[in-house]
Participant: 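One structure, pasted below without further comment.
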Amino acid sequence: MDKVNYNVVLLDESSIDQQVRIYKLAFSLSESDEIIQNKWVKKHYQNPYGNSLIFGVFQNGVLAGMNAFLPSIYEYKGRMVKCLQSCESGVNPDYQGKGIWGTIVKYAVDYIMTQTEYEFIFGFPNYQNSYPGFVKMGWLTLSQMKNYILVNNSKNFIKTVSTNKFLADFSFILNIQKIVIFFHQLFSKKISISKCDSKDLLWNIKPEIMAVKPTIEWADWKKEYRNEDFLKLFYDNRKIGSCIYTTTCFHGQQVVRIDKVSIADDSPISLTDAFIGIAKWISIQYPNAAFIRTWAMENDYFYERTLKKLLFVKSSHPNPFIVKCDDERYRNALWELSFYDLD
């Protein structure tokens, strides 16, 4: 069979309806078209760091496939670095298996690296689906994002386990988790927690870490499109930290996902104490949530140690962290990635 040469184009808002259709099909979304489109527009066309670069291929007037790249600004050792996250990708079922997605990504990488100011691209591809394709195209695997789970509502968690093999590994430990959390609560320092605005968030990012450059405008944008909420943590009438979290739905059950916990360097409260307080607050505010979910980078031993101490259980399905980057400084950097979507 002769190889087909597809014409890859940079998409704009004129094809939003078709972009949303591909996105809905690829991710099997059950929300209404209106809700999905509003989120899509907010995420990719109202980003304070710039509109996404979305590349696609049309066949017979129909959008056959696409891949979105979300702009961001990182800071590393005092230098601002423009970059992109490879996000949603999908191919119309009628055109799958014809090399369209690989053609799109190859073209996009060449375009981004030669015709834009973005210095690198990163992503968290699905381990079983797109990840092997990225590796074949020369993307580097720098680390893995490990998923961790803590049972919040035993009854609803069991319902989730019964319909999803992914969580079956955790069922045996749900009672032990509650005992451990209760034990830690008896001896941990008590903190007070309340919801807050983005201006009250504590970022606490070290200059030697490659991390997103957070702004109030950026935080408010993410709060709107991702349905995030913010918490401020107090101890002895002093603000000592903050938390970013999201409520989501997983197989019909509510889930609370902790995206970022920050503690001041001079805080008398440990990260463990903070997580205990946050877990207790979530159990009160979201009593029906099946479980609490969070993640840690493969080389973030301090964060992982805290999660393991509280018997957060690690999933057997990590998300690879990959980059396309020619600059060795960035490839060898320590990364802070808690703020990003695992698409």
Side-chain angles (χ1 to χ4, degrees), residues 143-152 170 173-212 214 219 228-247 255-287 289 291-315 318 334-340:
S143 186
Q144 295 186 85
M145 294 285 279
K146 298 178 181 179
N147 295 290
Y148 286 85
I149 285 177
L150 180 71
V151 174
N152 185 65
F170 304 113
I173 205 168
L174 71 132
N175 290 323
I176 302 175
Q177 282 185 328
K178 290 195 172 294
I179 294 171
V180 169
I181 288 291
F182 175 76
F183 178 79
H184 279 291
Q185 286 175 349
L186 292 177
F187 299 98
S188 65
K189 294 181 178 179
K190 303 300 185 291
I191 62 176
S192 58
I193 298 176
S194 61
K195 286 192 175 183
C196 66
D197 297 322
S198 55
K199 60 182 175 59
D200 293 316
L201 289 173
L202 174 69
W203 301 107
N204 195 23
I205 298 173
K206 308 295 188 295
E208 68 274 12
I209 303 292
M210 173 74 82
V212 69
E228 289 183 341
D229 270 308
F230 309 139
L231 302 175
K232 52 185 176 182
L233 316 180
F234 282 87
Y235 177 74
D236 197 23
N237 295 319
R238 170 192 166 195
K239 188 172 81 172
I240 49 86
S242 64
C243 171
I244 301 173
Y245 76 94
T246 311
T247 53
V255 173
V256 178
R257 186 180 66 212
I258 298 175
D259 293 327
K260 175 67 178 175
V261 176
S262 296
I263 301 296
D265 288 334
D266 59 348
S267 168
I269 296 297
S270 68
L271 186 62
T272 301
D273 288 335
F275 259 100
I276 291 170
I278 293 167
K280 182 178 180 180
W281 185 89
I282 290 173
S283 70
I284 296 171
Q285 299 296 321
Y286 301 94
F291 57 88
I292 300 169
R293 189 173 193 170
T294 190
W295 51 67
M297 286 293 290
E298 186 177 40
N299 55 359
D300 191 342
Y301 304 113
F302 179 66
Y303 204 79
E304 274 201 296
R305 189 168 65 246
T306 296
L307 298 178
K308 290 177 180 177
K309 188 184 297 184
L310 299 178
L311 283 197
F312 274 79
V313 180
K314 183 174 62 176
S315 161
L334 294 174
W335 296 69
E336 164 58 80
L337 298 164
S338 302
F339 303 108
Y340 280 92

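Note that the coordinates shown come from a computational prediction; the quantities given were computed from them, not determined experimentally.
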Participant: Side chain to side chain contact (heavy atoms under 4.5 Å, CB included) with Lys206: which residues, sequence neighbours excluded?
Facilitator: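 By the side chain to side chain contact (heavy atoms under 4.5 Å, CB included) rule, Lys206 matches Asn204, Glu208, Ile209, Asp265.
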Participant: Under the side-chain hydrogen bond (donor to acceptor under 3.5 Å, both in side chains) rule, collect the residues that match up with Thr294, sequence neighbours excluded.
Facilitator: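 Residues passing side-chain hydrogen bond (donor to acceptor under 3.5 Å, both in side chains) with Thr294: none at all.
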Participant: Can you list everything that forms a salt bridge (charged side-chain N to carboxylate O under 4.0 Å, His left out) with Asp229? Sequence neighbours excluded, please.
Facilitator: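 Residues passing salt bridge (charged side-chain N to carboxylate O under 4.0 Å, His left out) with Asp229: Lys195.
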Participant: Just to verify, which of Val255, Val256, Val313, Leu150 counts as forming a side chain to side chain contact (heavy atoms under 4.5 Å, CB included) with Phe291?
Facilitator: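 Considering Val255, Val256, Val313, Leu150, a side chain to side chain contact (heavy atoms under 4.5 Å, CB included) with Phe291 is found only for Val255.
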Participant: Quick one: does Ser262's side chain have a donor or acceptor within less than 3.5 Å of a partner on Leu202's backbone?
Facilitator: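 Side chain of Ser262 to backbone of Leu202, a donor-acceptor pair under 3.5 Å: yes, one is there.
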Participant: Measuring only between side-chain heavy atoms, which start at C-beta, is Phe312 closer than 4.5 Å to Arg293?
Facilitator: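 Phe312 vs Arg293: side chains apart.
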Participant: To the closest 0.5 Å, what do you measure between CD1 (Ile292) and CG (Asn152)?
Facilitator: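 Interatomic distance, Ile292 CD1 to Asn152 CG, rounded to 0.5 Å: 4.5 Å.
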Participant: Only counting residues at least two apart or in another chain, list the ones meeting side chain to side chain contact (heavy atoms under 4.5 Å, CB included) with Thr306.
Facilitator: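 So Thr306 forms a side chain to side chain contact (heavy atoms under 4.5 Å, CB included) with Leu271, Thr272, Phe275.
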Participant: Going by the rule side-chain hydrogen bond (donor to acceptor under 3.5 Å, both in side chains), which residues pair with Ser194 if we only count those two or more places apart in sequence or in a different chain?
Facilitator: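 Partners of Ser194 by the side-chain hydrogen bond (donor to acceptor under 3.5 Å, both in side chains) criterion come out as none, since no residue qualifies.
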Participant: Among pairs that include at least one residue of residues 234-246, which meet side chain to side chain donor-acceptor pair (under 3.5 Å), considering only residues two or more places apart or in two chains?
Facilitator: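 Checked against side chain to side chain donor-acceptor pair (under 3.5 Å) - neighbours excluded - the pairs reaching residues 234-246 are Arg238-Asp266, Tyr245-Tyr286, Thr246-Asp259.
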Participant: For Pro287, which residues count as a side chain to side chain contact (heavy atoms under 4.5 Å, CB included) partner, sequence neighbours excluded?
Facilitator: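 Scan of Pro287 (side chain to side chain contact (heavy atoms under 4.5 Å, CB included), adjacent residues dropped) gives none.
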Participant: Which is it for Trp281 and Leu231 under the side-chain contact (heavy atoms from CB on, under 4.5 Å) test, yes or no, and what are the steps along the way?
Facilitator: CA-CA 10 Å; Trp281 185 89; Leu231 302 175; 3.5 Å; yes
Participant: I'd like to know whether Ile263 forms a side-chain contact (heavy atoms from CB on, under 4.5 Å) with Leu233, so could you lay out the CA-CA distance, the side-chain angles of the two residues, the decisive distance to 0.1 Å, and finally the verdict.
Facilitator: CA-CA 9 Å; Ile263 301 296; Leu233 316 180; 4.1 Å; yes
